[in-house]
Amino acid sequence: MTLEEIKSEALNFVPKDVNALRNKVMELRTRGVSFLGCVAFVQANQNLSLSDARQQTLDLDVWTDDEQHKIDLYHNLMMRELDDPDE
C-alpha cells in the first residue's frame with residue numbers, strides 16, 4: 001500500500017473502540033504494511049502528532065517483544081543522529 005492509500009483508508013475508518021483500532025492495525029500488518037505505515041494510519045485516523053501516534057501504535061499490543069525492541073532501538077538511534085548530525 002502507498003502512503004496515500006493508507007491515509008485514505010485511515011480517514012474512512014471509524015473505530016468503535018481501541019480494540020477495533022487494534023484489529024485494523026493487525027489487518028494492515030497482515031496486508032504487509034510496515035510499522036511506519038501503521039503509525040501513519042493511526043496518526044491520520046486519530047488526528048495525533050507523530051510522536052503520539054507512534055506511542056499509541058506501539059500500545060496497541062500487536063507487536064512482539066522482539067519487534068518492540070527493534071522499533072525502540074531504531075527510534076533511539078534516529079533520535080541520537082538528529083541530536084548530533086555529525087555522528
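A heavy-atom distance below 4.5 Å is found between the side chains of Leu28 and Glu9. Side-chain contact check for Pro15 versus Gln46: some heavy-atom pair is nearer than 4.5 Å.
Under the 4.5 Å side-chain contact rule for hydrophobic residues, Tyr74 and Val62 do not share a cluster. By the criterion of side-chain heavy atoms lying less than 4.5 angstrom apart, applied directly or through intervening Ile, Leu, Val, Met, Phe, Trp or Tyr residues, Leu50 is not grouped with Leu11; the two fall into different hydrophobic clusters. Hydrophobic clustering (ILVMFWY, side-chain heavy atoms < 4.5 Å, transitive): Ile71 and Leu77 are in distinct clusters. Leu3 and Met1 sit in two unconnected hydrophobic clusters of ILVMFWY residues. Membership requires side-chain heavy atoms under 4.5 Å apart, directly or through other members.
Here NE2 of His75 is found 9.0 Å from CG of Leu58. Values are rounded to the nearest 0.5 Å. To the nearest 0.5 Å, atom CZ of residue Arg54 and atom CG of residue Leu36 are 10.0 Å apart. In this structure, Asn19 CG and Arg22 CZ are separated by 6.5 Å, a value rounded to the nearest 0.5 Å. Atom CZ in Arg29 sits 10.0 Å away from atom OG in Ser34 (nearest 0.5 Å). Residue Asn45 holds its CG atom at 12.5 Å from CD1 of Ile6, rounded to the nearest 0.5 Å.
Taking the six-membered ring where tryptophan is involved, the planes of Phe41 and Phe13 are tilted, since the angle between them lies from 30° to 60°.
Side-chain atoms of Ser8 never come within 3.5 Å of backbone atoms of Glu4 as a donor-acceptor pair (strictly under, hydrogens ignored). Remark: the backbone N or O of Thr64 is paired with a side-chain donor or acceptor of Glu67 at under 3.5 angstrom. Of the possible donor and acceptor atoms, one in the side chain of Asn76 sits under 3.5 Å from a partner among the backbone N and O of Asp72.
Across all non-hydrogen atoms, the minimal contact from Gln43 to Ser49 is NE2-C, 3.8 Å. Of all heavy-atom pairs spanning Val25 and Cys38, the tightest one is CG1-SG, 3.8 Å.
The environment of Asp17 atom CG is dense: over 12 non-hydrogen atoms of other residues, nucleotides or ligands sit within 6.0 angstrom. Within 6.0 Å of CG on Asn47 lie no more than 12 heavy atoms contributed by other residues, nucleotides or ligands.
A side-chain donor from one of Gln55 and Asp59 sits under 3.5 Å from a side-chain acceptor of the other.
With respect to Glu5 and Arg31, no salt bridge is recorded, no charged nitrogen being found less than 4.0 Å from a carboxylate O.
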Let's go through Lys70 and Asp65 carefully: what are the C-alpha distance in whole Å and the side-chain angles of both, what is the deciding distance for salt bridge (charged side-chain N to carboxylate O under 4.0 Å, His left out) to 0.1 Å, and is it a yes or a no? CA-CA 9 Å; Lys70 286 179 183 176; Asp65 289 341; over 6 Å; no

Kindly indicate, with the supporting measurements, whether the criterion side chain to side chain contact (heavy atoms under 4.5 Å, CB included) is fulfilled by Leu60 and Met26. CA-CA 9 Å; Leu60 290 174; Met26 182 62 84; over 6 Å; no

